[in-house]
Number of protein chains: 2
Amino acid sequence: METPKRSRTATRARLLEGALEVFAERGFAGASVEDICDQAGFTRGAFYSNFGSKDELVLALFQATTDRLLEQIEALLPDLANQPGTLLDAVLGLLDEAIGDQRQWHLISTEFTLHALRNPDAARALNEQRAMFRASLTRLVEEISAASHLQFSVPAEQFVRLVIAVHEGARSQSLLEPSDVPAGSLEHAFLPIVLDAVSRPSR
Amino acid sequence: METPKRSRTATRARLLEGALEVFAERGFAGASVEDICDQAGFTRGAFYSNFGSKDELVLALFQATTDRLLEQIEALLPDLANQPGTLLDAVLGLLDEAIGDQRQWHLISTEFTLHALRNPDAARALNEQRAMFRASLTRLVEEISAASHLQFSVPAEQFVRLVIAVHEGARSQSLLEPSDVPAGSLEHAFLPIVLDAVSRPSR
DNA sequence: TGTATTCAATACAGAACTGTATCCTACTCT
DNA sequence: AGAGTAGGATACAGTTCTGTATTGAATACA
């Protein structure tokens, strides 16, 4: 009762990996469960014994990514709490790093967001996840601002929302016109502006 | 040999209209040819006698849609530039007015964007259209800022890109969680912040 | 060694979609 | 009024997808 469990999580992982690629290539609706299984080297039997549906798999994918990201950010905190400037760079670096392939990830998350806009069930689940992610980020922001004597002119939660909006909007632009806009340059240009706009030193 | 031709273009138009709604509801991949025909009140016979494939229709729809949007924007610009009111009102007005149904437009344009991210040809066309849109907005911003003695700490084009990024990112959030975030509230909350960040009165 | 269990493969039934081939109707034009 | 034609409807064959029910193999444990 131990090796089977280990192999189970391994197939889960391979299915998630496979799904990442297939979704990026064909889109969420365009990718059949069978495509995903083929890519991962399994049959649908494996899929349905690990996930209840395609939605469930995507949500697992999101959870894994946000978990990883939060973990990495928290690991950074102790060192950088006192240097907000470098912290921003560091966090941006992490975003690039935690998300292996920006293009791939953007495609998938955008697709599923669209899907959620049309499916109340998916929307509920996605919102729940995103709310938890925002809550974690908000807590981090509050800690940082306390430690570094920074005050925000808007509530931390609003600030987090703004950062997410800018990040996603900027990424969309830079992916769409890679020749005019070097990858990530917009994010790196915009976020400091935003940070500057809502923060001021408290003394 | 004239009424048939007129009726032909009429069915084409109705099919395109129907496609717009069905695509918004179910997405490109999720919408079957039959769905589109049902919506338009035809059968697939009509479809295949007017379009070679769904892709072909998507292309035609894209052209028609972007043409229409650009037209509307051009028509709106002179009014906005001359009207009293803040730069912010003008920009928001343009964005809100040119786009009738925010939700439907968001779904469709996001769908197009995703499509473009996978099709270089579509990407070229979309970028061209977006560049013209940005140019219009940039011109508007420059005119108004000159008239109101505002200076920007970043080039107007960058500013426009930032506004677009924030607007799209915010819209995505507010559509996804309508219960937590009233429609448009994020856009209206964020844009003043951004505007404030990059502008200062010149005297 | 034998038994129980767990995970993935396979087989299957039903639904949905596509694209074509054919038929029908209503104009057009003389 | 009658022939020709264009546009759209209908019928159909083939493919693909989904989800479940059953089977088989490998492992854990007694």
Side-chain angles (χ1 to χ4, degrees), chain A residues 1-61 64 108 111-112 114-116 118-122 125, chain B residues 1-61 64 111 115 118-119:
Chain A
M1 200 179 167
E2 186 169 316
T3 298
K5 203 162 219 170
R6 201 179 310 169
S7 89
R8 185 174 184 72
T9 63
T11 52
R12 252 185 87 96
R14 274 171 62 194
L15 282 170
L16 286 171
E17 261 180 71
L20 203 65
E21 296 209 1
V22 176
F23 282 149
E25 258 175 47
R26 314 202 176 176
F28 179 71
S32 73
V33 171
E34 198 156 20
D35 290 336
I36 297 169
C37 297
D38 284 355
Q39 173 77 23
F42 291 102
T43 64
R44 267 172 314 151
F47 180 93
Y48 283 107
S49 109
N50 278 283
F51 302 96
S53 63
K54 223 160 59 167
D55 280 19
E56 203 178 300
L57 175 137
V58 175
L59 287 170
L61 212 53
I108 292 172
E111 296 251 3
F112 191 71
L114 276 182
H115 175 69
R118 302 183 179 109
N119 293 76
D121 285 351
Chain B
M1 198 179 168
E2 185 168 318
T3 299
K5 201 161 221 170
R6 202 178 309 170
S7 90
R8 183 172 187 71
T9 63
T11 47
R12 253 186 86 97
R14 274 171 64 194
L15 282 170
L16 286 171
E17 255 181 76
L20 200 64
E21 296 211 0
V22 176
F23 282 152
E25 263 173 44
R26 315 202 175 178
F28 285 170
S32 74
V33 171
E34 199 156 19
D35 291 335
I36 297 169
C37 297
D38 284 355
Q39 174 76 27
F42 293 101
T43 63
R44 268 172 310 143
F47 180 94
Y48 283 107
S49 111
N50 277 283
F51 301 96
S53 63
K54 207 164 73 169
D55 277 10
E56 202 178 302
L57 174 135
V58 168
L59 205 66
L61 184 62
E111 215 46 83
H115 181 70
R118 298 194 175 95
N119 293 77

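Note: hydrogens, waters and symmetry copies are ignored here, and every other heavy atom, side chains too, is used. Keep in mind the model is a prediction, meaning the values are calculated, not measured. Residue numbers start from 1 in every chain, and the chains themselves are labelled A, B, ... in the order their sequence lines are given, proteins ahead of strands.
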**Request:** Using heavy atoms and a sub-4.0 Å distance, could you list which residues of residues 36-58 of chain B are near DNA chain D? By number, please.
**Result:**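 Going residue by residue through residues 36-58 of chain B, the ones with a heavy atom under 4.0 Å of DNA chain D turn out to be B/Phe42, B/Thr43, B/Arg44, B/Gly45, B/Ala46, B/Ser49, B/Asn50.
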**Request:** Ignoring backbone atoms, test whether B/Arg8 places a side-chain nitrogen or oxygen under 4.0 Å from the OP1 or OP2 oxygen of D/dA6.
**Result:**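 Result: no.
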**Prompt:** CD of B/Glu34 versus C1' of C/dA15: gap in Å, rounded?
**Reply:**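 Going from CD in B/Glu34 over to C1' in C/dA15 covers 13 Å.
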**Asked** Do B/Ser7 and B/Thr11 come close enough that some side-chain heavy atom pair is under 4.5 Å?
**Response**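 No, every pair of side-chain atoms sits at 4.5 Å or beyond.
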**Prompt:** Are any of the side-chain heavy atoms of A/Asp121 and A/Asp55 separated by less than 4.5 Å?
**Reply:**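 No - every pair of side-chain heavy atoms lies 4.5 Å or more apart.
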Would you list the atom pairs, donor with acceptor, under 3.5 Å between side chains in residues 38-51 of chain B and any protein atom, with sequence neighbours excluded?
from: B/Gln39; atom 1: NE2; to: B/Glu21; atom 2: OE1; distance (Å): 3.3
from: B/Asn50; atom 1: ND2; to: B/Ala46; atom 2: O; distance (Å): 2.9

**Asked** Using 4.0 Å as the upper bound for N to carboxylate O, is an ion pair formed by A/Glu111 and B/Arg118?
**Response**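 A salt bridge links B/Arg118 with A/Glu111.
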**Request:** Could I get the full list of side-chain hydrogen bond (donor to acceptor under 3.5 Å, both in side chains) partners for A/Glu25, not counting sequence neighbours?
**Result:**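 Applying side-chain hydrogen bond (donor to acceptor under 3.5 Å, both in side chains) to A/Glu25 gives none.
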